[in-house]
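One structure is given here, and the rest of the page talks about it.
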Amino acid sequence: EVQLVESGGGLVQAGGSLRLSCAVSGFTIDQEPIAWFRRVPGKEREGVACFTSSHDRSNYADSVKGRFTISSDNAKNSFYLQMNSLEPEDTAVYYCAASSGLITGTTPPRWWEYDYWGQGTQVTVSS
């Protein structure tokens, strides 16, 4: 059984930082596409950041470029989202996801391309 478990969410003031973690079991992330998404109630799920297949490229939503960084640790079969200069507009439930398919290109992650999902972690940025 594939499981993705997020951690690291919480409440932070605007301008602060958080690091989200996603621990994966039952699926090896090395060389596979991995991503972070977020969802705000009443809005569509937004692809935030991803590594494409072979982890040879990282892509970001325009809204987070220069502030968020995706990284991975294959030895721990985990990946991360470092979020800096947080803004109230970043408030959302954040989800990690992984794909068993081939994903290339330069676009931010698209939710329909991902097979496995975490349960989500709340990030709240106060002004």
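All of these numbers come straight from a predicted model, not from anything done at the bench. What's counted below: heavy atoms across the whole structure, side chains too, no hydrogens, waters or symmetry copies.
The CD atom of E113 sits 11.5 Å away from atom OG of S100, with the distance rounded to the nearest 0.5 Å. The distance from atom CG of N59 to atom CD1 of I103, rounded to the nearest 0.5 Å, is 10.0 Å. Within the model, atoms CD of Q31 and OG of S54 stand 4.5 Å from one another, a figure rounded to the nearest 0.5 Å.
Side-chain contact annotation: E46 with S63, donor-acceptor N/O pair under 3.5 Å present. There is no side-chain donor-acceptor pair under 3.5 Å between S78 and D73. A donor atom on one side chain and an acceptor atom on the other are found under 3.5 Å apart for R38 and Y94. For the residue pair N84 / S17, a side-chain donor-acceptor distance below 3.5 Å is found, with atom types taken as modelled.
Listed here is the closest heavy atom pair of I70 and S58: CG2-CB, 4.0 Å. The two residues A49 and P109 come nearest to each other via the heavy atoms O-CG, 3.5 Å. Across every non-hydrogen atom of S127 and A14, the tightest pair is CA-CB, 4.3 Å. Looking at every heavy atom in both residues, S99 comes nearest to G101 through OG-N, 3.0 Å. Of all heavy-atom pairs between S72 and I29, the closest is CB-CD1, 4.3 Å. Across V93 and Q122, no two heavy atoms sit closer than the pair CG2-OE1, 3.2 Å.
Taking 4.5 Å as the limit, every side-chain heavy atom of W111 sits out of range of all side-chain heavy atoms of Y95. You'll find the side chain of R39 stays beyond 4.5 Å of the side chain of E44, heavy atoms only. Contact of the L20 side chain with the M83 side chain is registered, since non-hydrogen atoms from C-beta on lie closer than 4.5 Å. H55 has its side chain out of reach of T52: every pair of non-hydrogen atoms, C-beta onward, lies at least 4.5 Å apart. No side-chain heavy atom of Y60 sits less than 4.5 Å from a side-chain heavy atom of P108.
Side chain of N77 to backbone of V24: a donor-acceptor contact under 3.5 angstrom is found. Looking at Q3, its side chain never comes within 3.5 Å of a backbone N or O of S25 through a donor-acceptor pair. Here the side chain of E6 pairs a donor or acceptor atom with the backbone of C96 at under 3.5 angstrom.
Residues V64 and V12 are members of one and the same hydrophobic cluster, defined by side-chain heavy-atom contacts under 4.5 angstrom among Ile, Leu, Val, Met, Phe, Trp and Tyr. Hydrophobic cluster membership is shared by V48 and L18, with clusters built from Ile, Leu, Val, Met, Phe, Trp and Tyr side chains linked at under 4.5 angstrom. Tracing side-chain contacts under 4.5 Å through hydrophobic residues (I, L, V, M, F, W, Y), one never reaches L86 starting from F37; they form parts of separate clusters. Under the 4.5 Å side-chain contact rule for hydrophobic residues, L81 and Y116 share a cluster. By the criterion of side-chain heavy atoms lying less than 4.5 angstrom apart, applied directly or through intervening Ile, Leu, Val, Met, Phe, Trp or Tyr residues, F27 is grouped together with L4 in one hydrophobic cluster.
Between F51 and F79, the gap from one ring centroid to the other reaches at least 6.0 Å. Not less than 6.0 angstrom separates the ring centroid of W36 from the ring centroid of F68.
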